[in-house]
Amino acid sequence: MKKLMKSSRDKALFGVCGGIAEFFGLSPFIVRIIFIFTTPVSFWIYLFLASSLKENRSL
């Protein structure tokens with residue numbers, strides 16, 4: 001069973017978008033673009049996820 005975790009390989013800031021991309025099997029670029037176009041809401045979601053997700057160190 002997969003868990004949503006921050007990426008340790010693909011990170012620009014904290015690895016949140018990379019972790020979401022790994023979890024859903026998407027390109028990290030696509031996830032980052034979605035976060036950019038939904039900035040007012042995604043900013044708070046990103047901060048929450050950055051502080052609450054554990055980093056995936058198994059890779």
Side-chain angles (χ1 to χ4, degrees):
M1 184 162 183
K2 295 191 321 185
K3 284 186 166 184
L4 181 59
M5 302 179 104
K6 292 190 279 187
S7 177
S8 60
R9 293 183 305 158
D10 188 15
K11 58 168 61 177
L13 293 175
F14 296 106
V16 173
C17 290
I20 291 171
E22 289 173 5
F23 183 78
F24 289 109
L26 299 170
S27 166
F29 178 75
I30 299 296
V31 176
R32 288 183 182 111
I33 293 296
I34 291 169
F35 265 78
I36 288 170
F37 283 117
T38 59
T39 299
V41 174
S42 65
F43 174 77
W44 296 108
I45 293 171
Y46 190 92
L47 288 178
F48 173 75
L49 291 174
S51 65
S52 63
L53 292 179
K54 294 180 181 179
E55 187 163 346
N56 187 0
R57 298 193 183 266
S58 64
L59 299 174

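Throughout, numbering of the chain's residues begins at 1 and tracks the sequence. We use all heavy atoms of the structure for the numbers below, so side chains are in, but hydrogens, waters and symmetry mates are not. Because the structure is predicted, anything quoted here is derived from the model rather than measured.
Taking CG from N56 and NZ from K11, the interatomic distance works out to 10.5 Å, rounded to the nearest 0.5 Å. Going from atom OG of S51 over to atom CZ of F14 covers 9.5 Å, rounded to the nearest 0.5 Å. Between the OG1 atom in T39 and the CD1 atom in I34 there is a gap of 12.0 Å [rounded to 0.5 Å]. In this structure, the separation between CG on L13 and CG on L47 is 10.0 Å, given to the nearest 0.5 Å.
Taking hydrophobic clusters as Ile, Leu, Val, Met, Phe, Trp and Tyr residues chained together by side-chain heavy-atom distances below 4.5 Å, L53 shares a cluster with V41. Note: the hydrophobic cluster containing I45 also contains L26 (ILVMFWY, side chain heavy atoms under 4.5 Å, direct or indirect links). No continuous path of hydrophobic side-chain contacts links F29 to V31 [ILVMFWY only; heavy atoms under 4.5 Å]. Tracing side-chain contacts under 4.5 Å through hydrophobic residues (I, L, V, M, F, W, Y), one never reaches I33 starting from V16; they form parts of separate clusters.
Taking 4.5 Å as the limit, some side-chain heavy atom of L49 sits within range of a side-chain heavy atom of I20.
Annotation for A12 and R32: closest pair N-NH2, 3.8 Å, computed over non-hydrogen atoms. When all heavy atoms are compared, the tightest approach of S7 to G18 is CB-C, 3.6 Å. Nearest approach of K6 to A50, heavy atoms of both residues: NZ-O, 3.1 Å.
Counting heavy-atom neighbours within 6.0 Å of K3 NZ, excluding the residue itself, gives a total of 12 or less.
F35 and Y46 have perpendicular rings, their planes meeting at more than 60° on a 0 to 90° scale where under 30° would count as parallel.
Although no hydrogens or angles enter the test, the distance criterion places no donor-acceptor pair under 3.5 Å between the side chain of K54 and the main chain of M5.
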